[in-house]
Amino acid sequence: MGRSPAPWRAALALAVDAALVLLFAGIGRASHSRGGALLGLIETAWPFLVGLLLVWGWGMVWREPVRPLRSGVPVWVGTVVLGMAMRLLSGQGTAPAFIIVATVTLGAFLLGWRGIVTLVLRIRHRKHHPKHP
């Protein structure tokens, strides 16, 4: 088990995740001509944001927030599953097409940024620590 990252790194990673959930909700609202009113955005996003926060706490994502498999997959799956469950319990729609779109989009967002960061960190590490022939 490695050291936990600096608290600001975990906070930044959580902020990126939350921003991407909000972006997902905003894109969805815009694509259905529902406008970008703040209350409407919050209405669409809150189940997923709550799911995201629960996974971050339960899964201890803050320990290794950038790792795609260790943190990204649980954040993605948990955000979708808990978000859909809360939408269902609160009377919001959970049509199969919406579930598919949410799963694919949130997967691309929540895993994608972690994959990019991981790739950049590996490249930087190789640049600063080249293997000797």
Q: Would you give the length of the straight line joining atom CD1 of I100 to atom OG1 of T105, rounded to the nearest 0.5 angstrom?
A: 11.0 Å
Q.
Starting from M60, can I reach V16 by hopping between I/L/V/M/F/W/Y residues whose side chains sit under 4.5 Å apart?
A. yes
Q) What is the distance from atom CG of D17 to atom OG1 of T79, rounded to the nearest 0.5 Å? A) 7.0 Å
Q: Report the distance from atom CH2 of W76 to atom OG1 of T103, rounding to the nearest 0.5 Å.
A: 7.0 Å
Q: Indicate yes or no: at least one non-hydrogen side-chain atom of M86 is less than 4.5 angstrom from one of F48.
A: no
Q) Checking R67 side chain against T118 main chain: does a donor-acceptor pair fall under 3.5 Å? A) no
Q | Shortest non-hydrogen contact from Q92 toward T44 | A | OE1-CA, 4.4 Å
Q | Which atom of P65 lies closest to which atom of A13, heavy atoms considered | A | CB-CB, 3.5 Å
**Q.** I27 with V101, same ILVMFWY side-chain cluster at under 4.5 Å
**A.** no
(Q) Nearest 0.5 Å, please: how far is OG in S90 from CH2 in W46? (A) 4.5 Å
Q.
Quick one, L49 and L22 - any side-chain contact, counting heavy atoms below 4.5 Å?
A. yes
Q.
Ignoring hydrogens and geometry beyond distance, is a side-chain donor-acceptor pair present between T94 and R87 at under 3.5 Å?
A. no
Q: Measure across P74 and S71 and return the closest heavy-atom pair with its distance rounded to 0.1 Å.
A: CD-O, 3.3 Å
Q: State plainly whether one hydrophobic cluster holds both V21 and L23, where clusters connect Ile, Leu, Val, Met, Phe, Trp and Tyr through side-chain heavy atoms under 4.5 angstrom apart.
A: yes
Q | Atom pair CG/CG of L52 and L14 - distance to nearest 0.5 Å | A | 6.0 Å
Q.
Before we go on, tell me: are the rings of F109 and F24 under 6.0 Å apart, centre to centre?
A. no
**Q.** Closest non-hydrogen atom pair, I99 against M84
**A.** CA-CE, 3.6 Å
Q: Consider only side-chain heavy atoms of I, L, V, M, F, W and Y, link residues closer than 4.5 Å, and tell whether V104 and L110 are in one cluster.
A: no
Q. Do side-chain atoms of S31 reach the backbone of G28 as a donor and acceptor pair under 3.5 angstrom?
A. yes
**Q.** Common cluster, I116/L69, ILVMFWY with side-chain heavy-atom separation under 4.5 Å
**A.** no
Q) Between L82 and V50, does a side chain to side chain contact (heavy atoms under 4.5 Å, CB included) hold up when you go through it step by step? A) CA-CA 8 Å; L82 293 171; V50 170; over 6 Å; no
Q) What is the distance from atom CD of E64 to atom CZ of R9, rounded to the nearest 0.5 Å? A) 13.0 Å
